[in-house]
Amino acid sequence: MELIAVTRPDYFQGEGELINALFGAGLQLLHLRKPESEEAGFMKLMKEINPDYYRSISIHQHHELANRFSIRRLHYPEKLWKLTGAKKRIELFTDGFHLSRSVHEWGPPEDTAFLDYVFFGPVFNSISKVGYQSIVDKNFSLTAVPEGLKVFGIGGVTAALFQELQRMNFDGAVVLGALWNHPSDAVKEFEKMIKSL
């Protein structure tokens with residue numbers, strides 16, 4: 001079972017320092033998601049993060065700035081992935097980028113040839129987004145996963161639900177609200193999650 005953390009959508013005081021502390025505590029992969037952010041805010045946060053951790057960060061926005069920070073991981077929200085043509089996907093793949101995207105219906109997904117993994121959900125009722133409800137029933141299980149593709153469950157995930165995600169055949173968990181809703185406890189909560197994997 002692997003664990004990925006996604007940032008809050010907004011910026012907050014001390015965020016860069018907290019991200020560094022999470023990596024120091026053993027975080028392997030962070031998705032930096034700031035859907036409403038402008039370039040200046042993104043740049044400021046990146047400069048607060050220890051460059052040693054850039055290789056372990058995937059960005060959802062500002063893909064054009066990836067090379068400036070030696071970022072090699074790009075994530076695509078479902079709509080943006082559909083707008084990204086095959087030529088661009090091939091170009092990114094051959095340039096050595098690791099690609100991932102979000103999926104909100106289990107088909108299973110098409111167009112997975114250049115993807116390392118996908119996020120699927122919300123699997124559980126969201127902690128951070130009011131009214132963002134689970135899209136699966138309690139007996140859900142992933143089937144027909146394309147060979148070589150990892151699938152991570154997102155939405156409402158807490159340490160107490162890791163075993164349920166394993167039962168559903170997910171390769172890993174994506175945490176957001178359970179980690180960031182109380183930033184002062186984020187490192188302690190993360191350490192608890194690591195022990196629950």
Side-chain angles (χ1 to χ4, degrees), residues 1-9 22-23 26-33 35 55-61 63 66 71-84 86 88-90 92-93 96-129 132-180 189-190 192-197:
M1 191 80 168
E2 299 178 44
L3 181 63
I4 295 174
V6 178
T7 62
R8 280 178 18 179
L22 288 168
F23 277 122
L27 180 63
Q28 298 295 307
L29 183 56
L30 175 80
H31 274 237
L32 206 161
R33 176 182 173 271
R55 68 182 183 281
S56 301
I57 294 176
S58 176
I59 56 176
H60 290 217
Q61 290 79 31
H63 290 174
I71 297 281
R72 305 312 296 165
R73 299 174 179 274
L74 306 178
H75 185 87
Y76 286 79
E78 192 167 32
K79 288 180 185 173
L80 182 58
W81 181 254
K82 289 177 180 173
L83 294 173
T84 305
K88 180 66 176 176
R89 295 174 190 172
I90 293 169
L92 291 168
F93 183 76
F97 283 97
H98 295 271
L99 307 178
S100 60
R101 75 173 176 113
S102 299
V103 176
H104 301 295
E105 289 181 28
W106 190 253
E110 298 176 351
D111 303 329
T112 61
F114 303 108
L115 295 170
D116 287 0
Y117 55 90
V118 297
F119 290 173
F120 172 69
V123 179
F124 308 106
N125 294 338
S126 177
I127 297 168
S128 57
K129 296 181 183 177
Y132 202 56
Q133 302 292 308
S134 168
I135 57 172
V136 302
D137 65 46
K138 64 179 182 179
N139 297 317
F140 175 80
S141 181
L142 285 172
T143 57
V145 177
E147 187 174 342
L149 181 71
K150 291 183 177 180
V151 184
F152 289 77
I154 188 171
V157 177
T158 65
L161 294 169
F162 288 170
Q163 286 189 344
E164 183 64 2
L165 286 174
Q166 283 184 310
R167 184 201 61 76
M168 293 177 176
N169 294 326
F170 283 96
D171 295 290
V174 181
V175 293
L176 197 169
L179 194 59
W180 301 106
E189 184 64 27
F190 175 75
K192 188 169 78 177
M193 290 176 179
I194 290 291
K195 289 176 183 172
S196 300
L197 290 175

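Throughout, numbering of the chain's residues begins at 1 and tracks the sequence.
Across every non-hydrogen atom of H75 and H63, the tightest pair is O-NE2, 3.0 Å. When all heavy atoms of A178 and E189 are compared, the closest pair comes out as O-CG, 3.3 Å. Pairing each heavy atom of L27 with each of A5, the nearest pair is CD1-CB, 3.9 Å.
F190 places a side-chain heavy atom less than 4.5 Å from the side chain of L3.
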For residues 110-127, tabulate all N or O donor-acceptor pairs below 3.5 Å that involve a side-chain atom, not counting sequence neighbours.
| unit_1 | atom_1 | unit_2 | atom_2 | d |
| --- | --- | --- | --- | --- |
| D116 | OD2 | H98 | ND1 | 2.7 |
| Y117 | OH | H31 | NE2 | 2.7 |
| N125 | OD1 | S134 | N | 2.9 |
| N125 | ND2 | Q133 | OE1 | 3.4 |
| S126 | OG | S128 | N | 3.2 |
| S126 | OG | K129 | N | 2.9 |

Check: residues 139-156 side-chain donor-acceptor pairs under 3.5 Å, at least two apart:
| unit_1 | atom_1 | unit_2 | atom_2 | d |
| --- | --- | --- | --- | --- |
| S141 | OG | N169 | ND2 | 2.9 |
| K150 | NZ | E2 | OE2 | 2.6 |

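Interatomic distance, L176 CG to I4 CD1, rounded to the nearest 0.5 Å: 12.0 Å. Note that CG of L74 is 11.0 Å distant from CD of Q61, once rounded to the nearest 0.5 Å. Note that OH of Y76 and CZ of R89 are 9.0 Å apart. Values are rounded to the nearest 0.5 Å. Separating the CG atom in L32 from the CZ atom in R73 is a distance of 13.5 Å, to the nearest 0.5 Å. Annotation: the span from M1 atom CE to L165 atom CG amounts to 4.5 Å, rounded to 0.5 Å. L161 contributes atom CG, which lies 12.0 Å from atom CD of Q166 (distance to the nearest 0.5 angstrom).
Using a distance-only test at 3.5 Å, with no hydrogens or angles considered, a donor-acceptor pair links the side chain of W180 to the main chain of V6.
Annotation: R55, atom CZ; neighbour count of heavy atoms from other residues, nucleotides and ligands within 6.0 Å does not exceed 12. In the displayed structure, Q163 atom CD is contacted under 6.0 Å by at most 12 heavy atoms of other residues, nucleotides or ligands.
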task = Show the numbers, then the answer: is there a side-chain contact (heavy atoms from CB on, under 4.5 Å) between W81 and V103?
result = CA-CA 10 Å; W81 181 254; V103 176; over 6 Å; no

task = Could you walk me through whether V174 and V157 pass side-chain contact (heavy atoms from CB on, under 4.5 Å), step by step?
result = CA-CA 7 Å; V174 181; V157 177; 5.8 Å; no

key: Working for side-chain contact (heavy atoms from CB on, under 4.5 Å), residues I71 and F97   = CA-CA 8 Å; I71 297 281; F97 283 97; 5.6 Å; no

